[in-house]
Amino acid sequence: MAKGQTWIPKQRLGFRVLAVLCCLVTVASVLPIFAVSFFNHPYYDDFVPGGQVAVNAWEKDHSIGTLLSKAADATADWYMEWEGNVTTIFFYFLQFGVISQSMYFLVTFIFVLLLACAWLMLGRALCQAMRASPWLGWLTAALMFSLSIHFVPHPNEVLFWYAAGVKYTLAFALLLMLIALIIRTSALAPATKLREGLRLTTMCLLAAGCATTNQMTALSLSVGLVFYVLYLWCTKAERRVKIPMTLVLLVALSSQAFNAFAPGTIAKQGITGTADPILSVVESITATIEYIGRFTTLPWIAALLLLIPLFYQSASSCGMRFSNPLLMLIGSFGVLASHLTPAIYVNLYYDSGRIVDSVYWMYCLFMLVNTWYWTGWVACRKETLGLHESPKKMDGQTGLPAIVALALAVVMAVGCAGYGLTKMTGGASMKALVTGQAARYDAAYERRTALLEAPEKEPVIYAPIQDVPLVFMPELAHAWAGIVNTMGIFYGKEILDGR
């Protein structure tokens, strides 16, 4: 072997093989999630007032137009009385799973498939920016989708509960789609005027949607866009990029203002109270650092070790410069930290439930974008850093040595086992199916519902279901009084606490 030459293993798994394997494993892993969703049922906030409005509208004439009209009217009322998240509220009032509880499984199907499409859009956009194989985009999307689905701390709230999912899952999916379009606009060659116009319109709609789902996503979006647009104007970027991005920023800021200064939002803050804004920012920064340490587990490390060499091969000859990795790190950390600030400001306990889930998903985005950008920065400066030519240039092959891919798969498996297979969303779903827990929950729920739907007007004794799958919403003691009251209002019956 010549001096300075690096040995390159002959046996490589290319982008296509790795992508197909990852996609097959990913599809197999979500099948239990889809299967267990058929045993799920509406919970608490699904019924009142969302389900109440939806059922009354649908029973009037079984018209989708009537349902949409009533949802719009109810959204306008809530904007004035409770909060300004009009995108979330509108979908909240379309409670199809309460209109027909046999359709509630669609909640999980919609949220999971929505996240899959959003990650695919972003993965393909990152790889198109590097002029990489489209298979690398599929591989990236499969990995990120799996990590975001199976390791989300509370899947019962954001994947199996409609009332929470339309506020957080929908918001994150819209954000991923928007970022994908921003990358395409910034990194790819100009398209036709019609296509550019359609892309700009779509970005503006997505920005408005993100800013009116929840205050956490709204603030993260605004911080990120302000940072990026300032960077574009300071670096004298092309007008075809900075003008559309400035317009998207204005749409996002105006939509956030429409949300934050809604009469209902102000009235709600009067009930919950607010904290000191400076202390809220400081606390969100320290909490974010803690979350990064908590979320960075062995499966995450294995996934990043798989992506880094693949990104490196593609970035080596893509033409992008990846000029400012520190700015990327600082800006993306600011976006991640700002995600917590609204929750802290309005005195919500942010270390539980869907708040943590939303932060975890933003962490997923933070890790992916920084891995991609920093790897690209190193690849574009390999000569300066004294690195060898990439395998792609040396032997014309792309992908990973088979032994390396196998080793990373083992590390991932060990990490999943260490995390707890039955704690992962897919594992918990499989356990509920195999042990019959999901079926028992379904039968118990149906028996209670039959009592509530009976024509007799006698009071109904209502007791919580104790044996609830991990992926379904538990009927907690501190919320039980509210649940009893909500079900009594929805079914129009007197309900006696059966605990």
Query raised in the report: Do Y419 and F151 have ring centroids that are under 6.0 Å from one another?
Result: yes
Query raised in the report: Do the two ring centres, one from F472 and one from W161, sit under 6.0 Å apart?
Result: no
Can you tell me if [atom1] on [X] sees more than 12 non-hydrogen neighbours from other groups inside 6.0 Å?
{"X": "M430", "atom1": "CE", "value": "no"}
{"X": "I461", "atom1": "CD1", "value": "no"}
{"X": "F91", "atom1": "CZ", "value": "no"}
{"X": "W58", "atom1": "CH2", "value": "yes"}

Nearest 0.5 angstrom please: [X] [atom1] to [Y] [atom2], how far?
{"X": "D442", "Y": "Q101", "atom1": "CG", "atom2": "CD", "answer": "10.0 Å"}
{"X": "L470", "Y": "F160", "atom1": "CG", "atom2": "CZ", "answer": "9.5 Å"}
{"X": "W361", "Y": "D357", "atom1": "CH2", "atom2": "CG", "answer": "6.5 Å"}
{"X": "S69", "Y": "D73", "atom1": "OG", "atom2": "CG", "answer": "4.5 Å"}
{"X": "L178", "Y": "L225", "atom1": "CG", "atom2": "CG", "answer": "6.5 Å"}

Applying ring-ring contact (aromatic ring centres under 6.0 Å, His included), name anything that partners [X], two or more places apart in sequence or on another chain.
{"X": "Y373", "result": "F322"}
{"X": "F39", "result": "none"}
{"X": "F109", "result": "F34, F38, F105"}
{"X": "F96", "result": "Y162"}

[X] side chain near [Y] side chain, heavy-atom distance below 4.5 Å:
{"X": "I285", "Y": "F333", "value": "yes"}
{"X": "M487", "Y": "L452", "value": "yes"}
{"X": "Y441", "Y": "I465", "value": "yes"}
{"X": "W78", "Y": "V86", "value": "no"}
{"X": "H339", "Y": "L219", "value": "no"}
{"X": "K493", "Y": "P459", "value": "no"}
{"X": "P155", "Y": "I149", "value": "no"}

Are the side chain of [X] and the backbone N or O of [Y] linked by a donor-acceptor pair below 3.5 Å?
{"X": "S222", "Y": "L253", "answer": "no"}
{"X": "D45", "Y": "A163", "answer": "no"}
{"X": "N485", "Y": "G482", "answer": "no"}
{"X": "T169", "Y": "V166", "answer": "no"}
{"X": "S186", "Y": "I183", "answer": "no"}
{"X": "R354", "Y": "N156", "answer": "no"}
{"X": "S37", "Y": "T108", "answer": "no"}

Over all heavy atoms of both residues, which pair between [X] and [Y] is shortest? Give the atoms and the distance, please.
{"X": "P42", "Y": "V98", "answer": "CB-CG2, 4.0 Å"}
{"X": "A337", "Y": "T288", "answer": "CA-OG1, 3.2 Å"}
{"X": "L175", "Y": "M362", "answer": "CD2-SD, 3.6 Å"}
{"X": "Y79", "Y": "G84", "answer": "CD1-CA, 3.6 Å"}
{"X": "P32", "Y": "L433", "answer": "O-CD1, 3.8 Å"}
{"X": "V460", "Y": "L451", "answer": "CG2-O, 3.8 Å"}

Query - Pairing residues for A54 by the side chain to side chain contact (heavy atoms under 4.5 Å, CB included) criterion, not counting sequence neighbours - result: L67, Q95, I99
Table please: side-chain donor-acceptor pairs of residues 114-129 below 3.5 Å, with sequence neighbours left out.
| residue | atom | partner | partner atom | Å |
| --- | --- | --- | --- | --- |
| W119 | NE1 | S148 | OG | 3.0 |
| Q128 | OE1 | R184 | NH1 | 2.9 |
| Q128 | OE1 | R184 | NH2 | 3.4 |

If we ignore angles and hydrogens, is there a donor and acceptor under 3.5 Å between the side chains of [X] and [Y]?
{"X": "T75", "Y": "Y92", "result": "no"}
{"X": "N324", "Y": "Y231", "result": "yes"}
{"X": "T341", "Y": "S284", "result": "yes"}

Requested in this report: Could you please spell out the steps behind the side chain to side chain donor-acceptor pair (under 3.5 Å) verdict for T296 and Y363?
Outcome: CA-CA 9 Å; T296 307; Y363 162 84; 2.7 Å; yes
Considering only distance and modelled atom types, tabulate donor-acceptor pairs under 3.5 Å from the side chains of residues 245-252, sequence neighbours left out.
| residue | atom | partner | partner atom | Å |
| --- | --- | --- | --- | --- |
| T246 | OG1 | W233 | NE1 | 2.9 |
| T246 | OG1 | K242 | O | 2.6 |

Using the salt bridge (charged side-chain N to carboxylate O under 4.0 Å, His left out) criterion, which residues pair with [X]? Sequence neighbours excluded.
{"X": "D497", "result": "R499"}
{"X": "E475", "result": "R448"}
{"X": "K60", "result": "none"}

Query raised in the report: Taking it one step at a time, do T425 and H150 satisfy side chain to side chain donor-acceptor pair (under 3.5 Å)?
Result: CA-CA 5 Å; T425 307; H150 291 296; 5.0 Å; no
Query - Ring geometry between Y291 and F295 (parallel below 30°, tilted from 30 to 60°, perpendicular above 60°) - result: parallel
Query raised in the report: How are the rings of Y445 and H41 set relative to one another: parallel (under 30°), tilted (30 to 60°) or perpendicular (over 60°)?
Result: parallel
Pair up each side-chain donor or acceptor in residues 205-216 with any protein partner under 3.5 Å, not counting sequence neighbours, and list the distances.
| residue | atom | partner | partner atom | Å |
| --- | --- | --- | --- | --- |
| T212 | OG1 | T87 | OG1 | 2.6 |
| T212 | OG1 | A208 | O | 2.7 |
| T212 | OG1 | G209 | O | 3.4 |
| T213 | OG1 | C210 | O | 2.8 |
| N214 | OD1 | M216 | N | 3.1 |
| N214 | OD1 | T217 | N | 2.7 |
| N214 | OD1 | T217 | OG1 | 3.1 |
| N214 | ND2 | K167 | O | 2.6 |
| N214 | ND2 | T217 | OG1 | 3.2 |
| Q215 | NE2 | N259 | OD1 | 2.9 |

Query - Inter- and intrachain pairs under ring-ring contact (aromatic ring centres under 6.0 Å, His included), touching residues 479-499, at least two apart - result: F47-F490, Y462-W480
Requested in this report: Check the pair T265 / E83 against side chain to side chain donor-acceptor pair (under 3.5 Å), numbers first and verdict last.
Outcome: CA-CA 4 Å; T265 301; E83 61 182 5; over 6 Å; no
